[in-house]
Structure formats: C-alpha cells, structure tokens
> 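Quick one: structure below, then a few questions.
Each chain gets a letter, A, B and so on, in the order its sequence line appears, and its residues count up from 1.
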2 protein chains.
Amino acid sequence: MKKKATIHDIAKELNINASTVSRALADSPRVKAKTKDLIRAKALEMGYSRNHLASNLRRRKTSTIGVIVPNISRFFFSTAIAGMEAIASQQGYNLIICQSHDSTEREAQLIETLLAHQVDGLMISIAMDGDDRSHLQRIEDYEKPVVFFDRACHTIKGHNVLIDDYARAFEATEQLIQKGCKRIVHFAGQGDVSIYSERIKGYLAAMAKHGLEVKEEWIMKSRLKKLDGEEMAWKLMSMNPRPDGIFSANDIAAISAIDALREATLSIPEDIKVFGFSGEPISMFTSPNLSTVDQNPELMGNKAAEILLKQINGEEIPDSPTVIESKLVLRQSSN
Amino acid sequence: MKKKATIHDIAKELNINASTVSRALADSPRVKAKTKDLIRAKALEMGYSRNHLASNLRRRKTSTIGVIVPNISRFFFSTAIAGMEAIASQQGYNLIICQSHDSTEREAQLIETLLAHQVDGLMISIAMDGDDRSHLQRIEDYEKPVVFFDRACHTIKGHNVLIDDYARAFEATEQLIQKGCKRIVHFAGQGDVSIYSERIKGYLAAMAKHGLEVKEEWIMKSRLKKLDGEEMAWKLMSMNPRPDGIFSANDIAAISAIDALREATLSIPEDIKVFGFSGEPISMFTSPNLSTVDQNPELMGNKAAEILLKQINGEEIPDSPTVIESKLVLRQSSN
DNA sequence: TTGTACGCGTTATCAC
DNA sequence: GTGATAACGCGTACAA
C-alpha cells in the first residue's frame with residue numbers, strides 16, 4: 001500500500017521547504033515562477049492532490065455547504081438542489097445533501113453532523129412533523145449562516161427564500177371561481193408549516209372575496225399522498241350538494257383524486273374542475289392534464305445559494321424574505 | 001464571536017487532560033464511569049461537538065462516501081441515492097452527492113475533489129459523453145474502493161451493480177411481438193455506455209428469434225430527450241410500410257413519441273404499440289399509460305452501498321457484477 | 001485509570 | 001523569495 005504524496009514528500013524530492021510547496025500550489029505571488037513550475041511538475045508526477053481535511057482544518061473554512069431537504073426524490077427538491085449546485089460550484093463550493101424525511105429528530109441529528117463537519121453554511125427546508133424547532137438553535141450557537149427555503153422559519157436568525165403561497169393559492173381558487181365553480185373544496189396539507197397555512201388563507205380569501213360560503217368539511221387536511229387523494233375524492237362525492245371544484249395543495253393528491261373521480265364516471269373538468277400546486281412534471285402528462293402552480297424550484301435554489309454565499313462572505317442580508325416569482329399554469333383540468 | 005469549545009477547553013475547566021476528554025467522549029473503557037459522566041455533562045453544558053475535520057484527519061477515515069450521478073433530478077438516480085442513503089446512514093456514513101451532467105470532464109474534477117476530501121469510497125454512474133475513462137485511474141492511485149452502478153465500467157477494478165438490460169430489452173421486444181407487432185423500431189440511446197448497447201442487443205436478439213427482419217433505419221439513436229422522441233415519431237410515420245411497434249430505451253422519448261403519434265391521429269396501442277424503459281412515475285399517468293421496465297432503483301442503491309461498505313471494511317468482493325432484479329410492467333400502451 | 005508527547009497535512013507568521 | 005516553526009483539534013502509543 002503506497003502512501004499518498006504530501007507537500008513534504010514533494011519538498012524533500014526537490015530539496016526545498018514544504019511551505020514553499022504549499023505557497024506554490026496555492027499560486028502565491030511570493031514564489032518565483034520558475035520554482036512554481038518545478039513544484040507543479042513534481043506534484044503532477046507524484047500524483048499529488050491536496051488533502052482538504054488538513055487544509056480546511058488549518059484555514060478554518062471548508063467551502064462546503066450543508067443542505068437538508070425532506071426528500072431528494074421529489075421533483076421540487078431535486079430541482080432546487082440542482083439550482084443551488086449550479087451557483088455553489090461556480091464559486092468553488094460543494095454541497096452535502098441530506099434528507100430529513102420530514103422528521104424533526106433526524107433533522108436535529110443532521111444539523112449536528114453538518115456542523116461537526118464544519119460546513120460554512122446551511123440551506124434547509126424544515127421538516128414538518130412537529131412544531132419544536134429548538135434544535136435549530138445549534139446553528140446560532142455555531143454562528144453559521146443559514147437560509148431557509150420553501151418552508152419559512154422564523155425561530156432563529158436566518159434568511160427565508162419563498163414563493164408567495166398566499167397569492168398563488170388565491171389566484172388558483174379565483175381561477176376556479178371564474179370558470180363557474182361555487183362549491184370548491186380544498187385539499188390542505190397538515191403540519192405546522194408555512195406553505196400549507198398560507199395556501200389555506202389564500203383559498204379562504206378568494207372564496208370570501210367572491211361571497212362564496214366555505215363549509216367546514218370542505219377543508220380536508222391530509223398528508224396529500226396518493227391514497228389521501230383517492231380517499232378525499234370519495235368523501236367529496238358523498239357530499240350533498242356535490243362540490244364542483246377542488247383546489248389541492250399539491251399535485252399528487254389532485255391527480256389521484258382525478259383518477260378516482262373518473263373511475264366514478266365523473267368528467268373533469270365538466271363535472272368538477274381541479275387545480276393542483278407544485279408543477280410536478282407528471283401534471284403535464286395526465287389526462288386531462290392538470291392546472292397547477294409552477295414554483296420555480298431551480299430559481300429558488302439559485303437564490304438561496306446566492307444569498308447564503310453572500311452571507312458566508314460577510315455581507316449583510318436584509319431580514320425580509322426573498323420572494324421568488326411563481327405562476328399559475330392553466331391546463332385542461334380547470335377549464 | 002465566541003469560540004467553539006474544544007476538548008482542551010473542557011479539559012481545562014475540569015482540570016484534567018485533553019486526552020482523557022477525548023477518550024471519554026469516544027466512550028473508551030479506559031476511563032472511569034464517574035469521570036465520563038463529569039466530562040459528558042461539561043461537554044453538553046459547553047455545547048461541545050467534535051470537530052470532524054480534525055478527527056478525520058487524525059483517524060485517516062472520514063466515514064463519508066462520494067456519489068457521482070449524471071443528474072439527481074432524474075427519478076432513477078434520486079431514488080437510487082435514497083436507497084444508498086438508507087444503508088449508509090445506518091452504518092454512520094454520510095454521502096456527498098455530485099452531478100456530472102454526463103460530462104466526463106466534470107466527472108474527472110469531481111473525482112479529484114472527492115478524493116481530496118478523503119472520502120472512504122465512491123459510487124459512480126459514469127458519464128456517457130465519451131469513451132475516455134482514464135480519469136478513473138486516480139481512484140486506483142488512491143486505493144479507494146469504488147462501486148459502479150447502472151452503467152457498467154470495467155476500466156478499473158471496481159464492483160458493478162446492474163440490472164440485466166439485455167434480458168429486459170429482449171422480453172419487452174418479445175412482448176410487442178407476441179401482441180402482433182412485426183415492424184418494431186428501437187429508440188436507442190447514444191454514447192459508449194453499457195445500458196444502451198445491451199438494450200440494442202436484446203432487441204435484435206428478440207427480433208432474430210422470431211424471424212423478423214430489422215431495417216437499418218429502425219434503430220434510431222438519439223439522446224432520448226422529449227424533442228428527440230417527437231422527431232423520431234414523425235420520422236417513423238414517414239416510413240413505408242409504417243412500423244407497428246416501438247421499443248424505446250427510455251420513457252421520456254416513448255411518452256413524447258406517443259403524444260406526437262396521437263396528434264397525428266394514430267391510436268395507441270391499436271395502430272402502434274409502445275414499450276418504454278425505466279419505470280418513471282410519469283409512465284403511470286400518461287394516457288394510454290406506458291408499459292415500461294421497472295429498474296428497481298432503490299434496491300440498486302441499497303446493494304451498491306452494502307457492497308461498498310463491505311469493501312471499506314476490508315471484505316473481499318467477488319469480481320462478477322451484482323445483478324438487481326428488474327421486471328416488465330405491462331400497461332395499456334403495449335396491449 | 002490518567003497524563004505526556006507526538007503526529008495527521010496544511011497554512012499563517014515571522015524571520016532572513 | 002524562501003525557510004523554520006507553530007498551530008488547527010483530535011487521537012493514540014507509551015509511560016506512569
């Protein structure tokens with residue numbers, strides 16, 4: 001097992017000092033061009049590559065950013081991460097990506113691990129399985145900058161990057177109303193998390209603006225999974241009078257509801273119009289294809305990374321959240 | 001800016017030596033239970049957490065695994081990663097996830113960076129934009145274990161975790177034949193990568209077995225993106241006699257082709273039957289929904305991680321590739 | 001059971 | 001422009 005070359009090995013071979021090697025490889029102006037060339041050639045020859053562990057330890061900086069999302073296999077998050085990565089890698093930063101699976105407990109662990117790895121900053125979309133956010137305090141203890149994205153958080157100092165969930169929910173609901181819906185149910189998310197509460201508010205505000213009553217049973221909370229959507233579809237079909245519109249806080253529930261409704265021989269959008277939320281790619285391919293809200297995840301990732309990097313570089317960032325452009329995507333299901 | 005506590009700080013507070021603190025926090029049996037309790041309490045009080053950088057440098061082990069995939073936002077890869085993460089985190093390992101965007105050049109950079117970060121091992125699905133694999137040599141130089149998944153690689157020593165692309169392609173083609181297709185085109189991938197060449201072979205073998213001729217123009221190579229699928233659909237419609245079946249090496253091209261064919265008022269599966277590959281979730285929701293091949297990405301991730309961890313722990317792994325179970329998913333488009 | 005001393009590989013700081 | 005030395009924070013062989 002041959003040992004990896006270090007700057008000392010290179011130095012020894014060339015009969016010079018390790019610090020010169022270090023400087024040369026960092027392209028410091030304080031090393032003669034000729035020596036630099038010599039050192040670089042030797043480094044290449046010996047297959048040297050810098051040990052980032054040691055370097056980071058010494059410099060007290062890792063050029064690494066920790067990212068925590070509920071689940072990387074969801075389109076929204078994987079695309080947001082791609083957006084972050086684009087910016088981060090441009091500036092020589094690497095991402096460590098972790099999944100909380102929406103468990104606060106796991107999130108706490110991950111934060112601890114990432115801090116122990118001396119990440120220079122964090123980007124988090126917080127878990128929504130509870131309202132205890134005390135574990136975030138550790139980030140402040142470590143004085144690391146943090147950006148929260150998609151799901152707002154105000155328990156500790158940190159910038160928020162969001163879309164205007166309220167406005168889009170309002171507009172989506174209003175769109176259904178304008179197409180003639182009068183009895184619109186809302187598939188709401190559960191958990192103490194901003195995105196869902198804002199969407200409920202937007203829905204209620206739109207209904208109120210148009211003088212439409214909202215029955216209590218119309219606000220149906222669930223985890224918005226496939227089965228939840230089907231279940232809610234059956235439930236709403238048993239209501240009398242039957243609702244004529246659905247505004248769902250995500251696409252999955254909306255799509256599975258459509259399937260269930262059509263199985264019960266209802267027509268979409270003729271009998272019931274449906275509006276989703278998230279802009280999942282699937283929404284383009286369903287039949288009828290689904291109206292939804294494009295959350296612009298890539299741009300959100302870009303912005304989150306830009307802001308975090310600014311903070312890492314010592315810039316002051318205004319407290320007010322950064323709002324990412326988002327927009328309705330009108331398709332057949334709400335027409 | 002208050003400094004973070006180190007083992008020395010804890011030691012000083014308790015008037016003991018730093019090494020005792022180090023041992024206590026590692027739960028070494030060589031420290032009295034009472035001292036341990038004392039130290040742990042103090043550590044908690046001071047908000048101590050171990051500096052992994054220093055620890056890893058000293059131990060020459062990072063408990064970190066580097067993962068390189070073309071694109072994490074693709075369902076297959078994000079699910080495979082989820083599968084890896086499940087196993088890795090069980091054993092106290094973290095993943096650093098990187099995207100090559102199918103660029104060999106970027107892949108080479110990433111490998112260099114990951115090695116410099118002293119990862120304990122690598123899992124790679126190699127980029128397919130060329131046939132130069134010399135950059136992989138660096139992994140051998142560093143004597144790090146590596147597992148290739150999905151896309152086979154034999155240029156350096158390393159285990160492969162794959163599905164049987166040949167067999168599934170054979171079966172999918174045969175399925176189309178059994179449903180009556182006689183003129184089946186193949187949407188093939190391009191690039192020097194095993195998955196696509198195996199799928200072509202499987203297709204050809206099935207055609208040959210049933211005595212069906214394969215015209216040269218029927219093997220249509222492309223990057224299999226949305227536009228490629230549409231383009232190939234138009235092209236095949238201009239063929240005389242018109243093909244009556246499509247076996248596509250991925251789902252995206254198959255789905256966009258279906259859209260184009262239906263736009264041209266052809267019926268699927270009546271006029272043309274279609275079989276995809278990959279098991280993208282979208283395939284469930286299209287109409288008609290798409291027959292495809294479930295690649296079992298989560299299990300593939302599990303296996304890849306298990307095997308790599310064994311290697312990291314010094315176990316010898318047999319050279320022969322690990323083949324993951326995969327299966328056809330029969331739906332309307334091929335019926 | 002605890003303390004001493006040193007090394008992991010790099011970089012900052014001072015000297016020349 | 002280069003060399004010597006210490007320090008980053010931790011872990012461990014050896015001594016006590």
> Can you tell me the distance, in whole Å, between the CG atom of A/Leu57 and the C1' atom of D/dC10?
9 Å

> Given side chains that start at C-beta, do those of B/Ile96 and B/Thr64 come closer than 4.5 Å, heavy atoms only?
yes

> Donor-acceptor pair, B/Asp120 side chain versus B/Lys61 backbone, under 3.5 Å?
no

> Is it true that atom CG of B/Asp319 has more than 12 heavy atoms of other residues, nucleotides or ligands lying nearer than 6.0 Å?
no

> Answer yes or no: are there more than 12 heavy-atom neighbours, outside B/Arg223 itself, under 6.0 Å from its atom CZ?
no

> Is any side-chain nitrogen or oxygen of A/Arg50 closer than 4.0 Å to OP1 or OP2 of C/dT11?
yes

> Could you tell me whether A/Asp102 and A/Arg151 make a salt bridge, using a distance below 4.0 angstrom between a side-chain N and a carboxylate O?
yes

> State whether A/Tyr48 and A/Lys42 meet the cation-pi test: NZ (Lys) or CZ (Arg) under 6.0 Å from the six-membered ring centroid, and within 45° of the perpendicular axis.
no

> Quick test: give all pairs of protein nitrogen or oxygen and nucleotides 2-6 of chain C nitrogen or oxygen below 3.5 Å, distance rounded to 0.1 Å.
unit_1 : atom_1 : unit_2  : atom_2 : d
C/dT2  : OP1    : B/Thr35 : OG1    : 2.9
C/dT2  : OP2    : B/Lys32 : N      : 3.0
C/dT2  : OP2    : B/Thr35 : OG1    : 3.2
C/dT2  : O4     : B/Arg30 : NH2    : 2.6
C/dG3  : OP2    : B/Asn17 : N      : 3.1
C/dG3  : OP2    : B/Thr20 : OG1    : 2.7
C/dG3  : N7     : B/Arg23 : NH2    : 2.8
C/dG3  : O6     : B/Arg23 : NH1    : 3.1
C/dT4  : OP2    : B/Asn17 : ND2    : 3.2
C/dT4  : O4     : B/Ser19 : OG     : 3.3

> Does either side chain, that of A/Thr322 or that of A/His159, offer a donor lying less than 3.5 Å from an acceptor on the other one?
yes

> Quickly work out the A/Arg60 CZ to D/dA6 C1' distance and round it to whole Å.
14 Å

> How many Å lie between NE2 on A/His52 and C1' on C/dG9, as a whole number?
12 Å

> Can you pull out how bent the helix from C/dT1-D/dA16 to C/dC16-D/dG1 is, comparing the axes over its first five and last five pairs, to 10°?
40°

